[in-house]
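The structure appears right after this line, and notes come after that.
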Amino acid sequence: VQLQASGGGLVQAGGSLRLSCVASGYNIRINAIGWYRQAPGQQRELVAVANSGGMTDYADSVKGRFTISRDNAKNTASLQMNSLRPEDTAVYYCASYGSGNYFSTLSWNYWGQGTLVTVSS
């Protein structure tokens, strides 16, 4: 199983980025898929999750600005990030859900390598 995240970069505050995650070795339709982020010196935190039934949930800090989507036919997931803020600066990871609480990193059993998002003020 591999997850390949891409799409990060440098953007000004107020701008947008779209992150992509390509999964291989398993079918993403059977599991929830999520995006986490980790800022320097901070713990990894859940940003967004889309479960196998299509339901989504978001961290309060990104609600209304970020949108997670999944394309089961292409075995990919995306995170559309709008109205970016400097505090969104972090390495973003896509992950495949295992079991347990979505908000615990222990519940996710496969991780992509991360893609860096830097938002300048």
Looking only at heavy atoms, what is the nearest atom pair of [X] and [Y], with distance?
{"X": "Leu84", "Y": "Arg65", "result": "CA-NH1, 3.9 Å"}
{"X": "Ala95", "Y": "Ile33", "result": "O-CG1, 3.2 Å"}
{"X": "Asn109", "Y": "Gly98", "result": "ND2-CA, 3.6 Å"}
{"X": "Ala39", "Y": "Ala90", "result": "N-CB, 3.8 Å"}
{"X": "Trp108", "Y": "Ala32", "result": "CZ3-O, 4.1 Å"}
{"X": "Gly8", "Y": "Leu19", "result": "N-CD2, 3.6 Å"}

Test your reading of the model: is there a side-chain donor-acceptor pair from [X] to the backbone of [Y], 3.5 Å cut-off?
{"X": "Asn31", "Y": "Tyr97", "answer": "yes"}
{"X": "Asn75", "Y": "Ala23", "answer": "yes"}
{"X": "Ser107", "Y": "Ser99", "answer": "yes"}
{"X": "Gln113", "Y": "Ala5", "answer": "yes"}

Nearest-0.5 Å distance, [atom1] of residue [X] to [atom2] of residue [Y]:
{"X": "Asp57", "Y": "Ile68", "atom1": "CG", "atom2": "CD1", "value": "10.0 Å"}
{"X": "Thr115", "Y": "Gln4", "atom1": "OG1", "atom2": "CD", "value": "9.0 Å"}
{"X": "Thr105", "Y": "Leu46", "atom1": "OG1", "atom2": "CG", "value": "10.5 Å"}
{"X": "Leu10", "Y": "Thr118", "atom1": "CG", "atom2": "OG1", "value": "6.0 Å"}
{"X": "Ser69", "Y": "Arg18", "atom1": "OG", "atom2": "CZ", "value": "4.5 Å"}
{"X": "Ile28", "Y": "Ser52", "atom1": "CD1", "atom2": "OG", "value": "10.5 Å"}

Q.
Is the positively charged end of Arg44 above the ring of Trp111, judged by distance under 6.0 angstrom from the centroid and angle within 45° of the axis?
A. yes
Q: Measure the shortest side-chain to side-chain distance between Leu79 and Arg37 over non-hydrogen atoms and say whether it is less than 4.5 angstrom.
A: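 The answer is no, as the side chains (C-beta and beyond) never meet within the 4.5 Å cut-off.
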Q.
Is the shortest side-chain heavy-atom distance between Met81 and Val117 below 4.5 Å?
A.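 Side chain of Met81 against side chain of Val117, heavy atoms only: contact under 4.5 Å found.
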Grouping I, L, V, M, F, W and Y whenever their side-chain heavy atoms are under 4.5 Å apart, do [X] and [Y] come out in a common cluster?
{"X": "Val119", "Y": "Val47", "result": "yes"}
{"X": "Leu116", "Y": "Tyr93", "result": "yes"}
{"X": "Leu17", "Y": "Val22", "result": "no"}
{"X": "Tyr36", "Y": "Tyr102", "result": "yes"}

Q: Check whether the side chains of Tyr26 and Ser96 place a donor and an acceptor atom closer than 3.5 Å, and report yes or no.
A: yes
Q: Decide yes or no on salt bridge (Lys or Arg N to Asp or Glu O under 4.0 Å) for Lys63 and Asp60, but give the supporting numbers first.
A: CA-CA 5 Å; Lys63 281 181 180 177; Asp60 287 344; 3.2 Å; yes
Q) Parallel, tilted or perpendicular: which fits the ring planes of Tyr92 and Phe66, with parallel below 30° and perpendicular above 60°? A) tilted
Q. If you count the non-hydrogen atoms of other residues, nucleotides and ligands that lie under 6.0 Å from CD in Gln2, is the total more than 12?
A. no
